[in-house]
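Following: one structure in structure tokens, then a few remarks.
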Amino acid sequence: MSDAAFQELLDEFLLEARERADACETQLLAVASGDAAERREALTAVKRELHTLKGNSGMMGFTELQEIAHQLEDEVEEIDLDDPDLGVVLADLDRLRAQLATIAGPDEDESTDEPDDAITGSDLGSSVRVSFARIDHMVEMLAETLIFRNRLSDALGAGKSRLETLKGDQGGDPRALVDAYEQIEIAHTALEKTLSGFQEAITELGMVPLQILFRSLGRIVHDESVRESKSVDFKIHGGDTPIDKTLLEVAGEALGHLVRNAVIHGIETPETRQRAGKPATGTIAVTAAIEGGEVVIAVADDGGGIDLDALRDRAHELFGNQLGDDEGSLYEVLFYEGVSTRHGTDLSAGRGVGMAAVRSSVERRNGRVEVSSERGRGSTFTLRLPLTASILRSLLIEADGETYALPMTAVV
């Protein structure tokens, strides 16, 4: 087998192996939160993914990866469905992922300075699958583009010929030139429509469903809830919402912080929730949708809400009377570096850099963050990102002799 052929096979193996590892993690988290029937079904799915991954690793000659998968199979067999403890299994699943990164090479295995809760590009993969149907559709549109280009060229040629005839014959019929112009306009409109569809299809090639990102968020919720001794139910809606792959890492970094904050700062301990007359298990819901050319992602929790009094005291301590006391001004304080409502630091939080990083990463890509909260009922942080980073649709405005372009997302 040639080096190029092996590299192609390796790339396909790594892509599929990562997908299977992600599927295992998703199903393992379902084992931790589902009812008895759901746990059995999820565990069966995990065994199936691991068995296939182990076989594929053996065929590729990756014996160490094969051994890790085999060890995971043994550990999964020992899981008690009545009281599942996933600590060892999830740790070894991370070891399997690390081995995949080692196989992929130094470009993906190098350590970075990314914060611990950032979901990086290597986590999300560097490839996307494209269906043959989508490729066939693009080939058809390319063929249409060539046809309409030829029609436009013919119409332009005919129009030029008739214009020259009119110039040489003062008694010529001007309606012939009007007819030629109409043919040019028809050809141009058809070409413009096809090119717009072609542009949209190419843009969609770089779009991936947010479900790819949401799978990683489930692991964050699980790990942090265990560390914080909290019970959290994690819900996802709108995982099929598409997002530009170049924006996926930005969304991942921001959502990693927001989901972790929801567990640490938002959801109360089971005892505190029960004293307040709430279920012992809290809920964090991540929802996504497309609204007006934007991808809107909301992270909502049913926790204690933002303590505005504590935030007001912190704001006065840092800024004196420079900020207003209204909710909007106080929420702004959350995004200043060094502001934290947690006393002391630990592995998860307390240094007051998370929310500052969220807004910084989002605003770099022309997005924004919105906050709403109700004391005792919970909080919602909403990310608004452009649908695509490659094309920004704008409204052109002329004022005082100058032309300005306003992003359509800023136009009401």
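No hydrogens, no waters, no symmetry mates; every other heavy atom, side chains included, goes into these values. Just so you know, residue 1 is the first one in the sequence shown, and it goes up from there.
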How close do Pro270 and Ser229 get, counting heavy atoms only, and between which atoms? CD-O, 3.6 Å
Does some side-chain heavy atom of Glu73 sit less than 4.5 Å from a side-chain heavy atom of His51? yes
Is the shortest distance from a Lys or Arg side-chain nitrogen in Arg20 or Glu16 to a carboxylate oxygen in the other one below 4.0 Å? yes
Determine yes or no for a side-chain-to-main-chain donor-acceptor pair under 3.5 angstrom, with Ser373 supplying the side chain and Ile306 the backbone. yes
Assess whether side chain to side chain contact (heavy atoms under 4.5 Å, CB included) is satisfied between Asp80 and Asp85, documenting all intermediate values. CA-CA 7 Å; Asp80 182 359; Asp85 182 357; over 6 Å; no
Run the salt-bridge test on Arg275 and Glu268 with the 4.0 Å N-O cut-off and return the result as yes or no. no
In short, Ile68 meets Asp92 closest at the heavy-atom pair CG2-O, 3.9 Å
Does any part of the side chain of Leu191, heavy atoms only, come nearer than 4.5 Å to the side chain of Thr145, both counted from C-beta? yes
Tell me whether the rings of Phe62 and Phe13 are parallel (<30°), tilted (30 to 60°) or perpendicular (>60°). tilted
Does the side-chain hydrogen bond (donor to acceptor under 3.5 Å, both in side chains) test come out yes or no for Glu75 and Gln71, once each step is laid out? CA-CA 6 Å; Glu75 292 167 354; Gln71 182 178 344; 3.1 Å; yes
Should we count CD of Glu363 as having more than 12 external heavy atoms under 6.0 Å? yes
Smallest separation among heavy atoms of Glu332 and Tyr336, with atom names: O-CD1, 3.3 Å
Could you check whether Arg368 pairs with Glu294 (Lys NZ or Arg NE/NH1/NH2 to Asp/Glu carboxylate O, under 4.0 Å)? yes
Please confirm whether the backbone N or O of Val263 pairs with a side-chain atom of Lys230, one donor and one acceptor, at under 3.5 Å? yes
Tell me whether Arg377 at atom CZ has more than 12 heavy atoms from other residues, nucleotides or ligands lying less than 6.0 Å away. no
Any Phe335 side-chain heavy atom under 4.5 Å of Val371 side chain: yes
Which atom pair, heavy atoms only, marks the closest approach of Ile290 to Thr241? CG1-CG2, 3.8 Å
Close side-chain approach of His222 and Leu86, heavy atoms under 4.5 Å: yes
Whether the side chain of Ser379 engages the backbone of Glu374 through a donor-acceptor N/O pair (distance < 3.5 Å, no angle test) should be reported. no
When you check the gap from the basic side-chain N to the acidic O, do Glu25 and Arg215 get nearer than 4.0 Å? no
Decide if atom CD of Glu41 counts as having more than 12 heavy atoms of other residues, nucleotides or ligands within a radius under 6.0 Å. no
If I compare all heavy atoms of Ala262 with all of Ile284, which pair ends up nearest, and what's the gap? CB-CD1, 3.6 Å
Find out whether Gln27 and Glu49 are in side-chain contact, i.e. whether some heavy atom of one side chain is under 4.5 Å from a heavy atom of the other. no
So Arg359 and Leu334, side chain to side chain contact (heavy atoms under 4.5 Å, CB included) or not? Walk me through it. CA-CA 10 Å; Arg359 184 157 74 173; Leu334 292 171; over 6 Å; no
If I compare all heavy atoms of Thr281 with all of Ser231, which pair ends up nearest, and what's the gap? OG1-OG, 2.7 Å
Does the side chain of Leu406 reach to within under 4.5 Å of the side chain of Leu396, using non-hydrogen atoms? no
Determine, stepwise, if the pair Leu72 / Leu53 fulfils side chain to side chain contact (heavy atoms under 4.5 Å, CB included). CA-CA 11 Å; Leu72 276 165; Leu53 180 54; over 6 Å; no
Answer yes or no: is there a donor N or O on one side and an acceptor on the other, between the side chain of Glu370 and the main chain of Thr382, under 3.5 Å? no
Might you work through the side chain to side chain contact (heavy atoms under 4.5 Å, CB included) test for Val208 and Asp244, ending with a clear yes or no? CA-CA 6 Å; Val208 292; Asp244 192 317; over 6 Å; no
Do side-chain atoms of Arg273 reach the backbone of Pro279 as a donor and acceptor pair under 3.5 angstrom? yes
Working for side-chain hydrogen bond (donor to acceptor under 3.5 Å, both in side chains), residues Ser360 and Arg364: CA-CA 6 Å; Ser360 176; Arg364 277 200 307 268; 3.1 Å; yes
Working note: Asp11 + Gln7, criterion side-chain hydrogen bond (donor to acceptor under 3.5 Å, both in side chains); need CA distance, chi angles, decisive distance, verdict. CA-CA 6 Å; Asp11 290 343; Gln7 185 61 48; 2.9 Å; yes
Under a 4.5 Å cut-off applied to non-hydrogen side-chain atoms, are Ile236 and Phe234 in contact? yes
Would the number of heavy atoms belonging to other residues, nucleotides or ligands and lying under 6.0 Å from CZ of Arg312 be above 12? yes
Would you call Asp22 and Arg219 a salt bridge, using N to O less than 4.0 angstrom? no
Would you say Phe6 and Met60 make side-chain contact, with heavy atoms under 4.5 Å? yes
